[in-house]
Amino acid sequence: MARQGIGSYVAFGEKTPYATDVTASDMEVFFKMGDNSDGLQFDRNRVYFEDLTTQDQISASTTAGQESVSGTITLVPTYGGIQNILRFLTGHNDAVAGSGPYSYAFVPLDYGNASHYWSGTTKRHLGVEVYRNQGTNSTFYQGCEINEFSMSFDADAPVECSIGLIGRTATIGAKSGSPS
């Protein structure tokens, strides 16, 4: 995966469920963006109300419906980044159990457990920031949940993670500071 451009990145942050006010200050985990990294898109599905007085569709019977975000982000994560992604997936904190170098365990918690990172006492959803090194604004995808995940381990190549997301909405806002 080639880098998209110096300064391009994707970032993840946490917010209360279905929040629509995710901003740069909420971003915690940053990844370099590759050429095929960003497959997220914002959709506004149309709702059609049939006009039974005519056989033709008229524009007055079409209105904007439910907003949604869906798509996939592909990343080449660091070791710490993989720990955070696993926390997003399993609900377990990012501290691993066991001893190294090859016997670590990342144990998922029950969904109803009070200590579960996403569904425990404090409910959370992901905010996703995508910056393509164009100007000072990023796209923020809000109220996201992971609905698909895969990792590939190709020979002589870094690990790639593909994360499928569904979410509530998207906004444009000032980008985070340039991550290191």
Rounded distance [0.5 Å steps], [atom1] in [X] versus [atom2] in [Y]:
X	Y	atom1	atom2	answer
I172	N137	CD1	CG	7.0 Å
E14	R87	CD	CZ	5.0 Å
S68	Y141	OG	OH	12.0 Å

For E129, salt bridge (Lys or Arg N to Asp or Glu O under 4.0 Å) partners two or more places apart:
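E129 satisfies salt bridge (Lys or Arg N to Asp or Glu O under 4.0 Å) with no other residue.
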Can you confirm whether [X] sits close enough to [Y] that some side-chain heavy atom of one is under 4.5 Å from a side-chain heavy atom of the other?
X	Y	value
E160	T74	yes
L75	I85	yes
M151	I82	yes
I73	L165	yes
V29	F88	yes
I163	F12	yes
K15	Q142	no

With sequence neighbours excluded, residues passing side-chain hydrogen bond (donor to acceptor under 3.5 Å, both in side chains) with T136
none
Are I166 and L126 connected into the same hydrophobic cluster when the rule is that any two of I, L, V, M, F, W, Y join if their side-chain heavy atoms are below 4.5 Å apart?
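Per the 4.5 Å side-chain linkage, L126 and I166 are not co-clustered.
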What are the two closest heavy atoms between Y131 and S138, and how far apart are they?
CB-OG, 3.3 Å
Locate the shortest heavy-atom distance separating F31 from P77; write the atom from each residue and the value.
CE2-CB, 3.7 Å
Who pairs with S150 by side-chain contact (heavy atoms from CB on, under 4.5 Å), at least two apart in sequence or on another chain?
S162
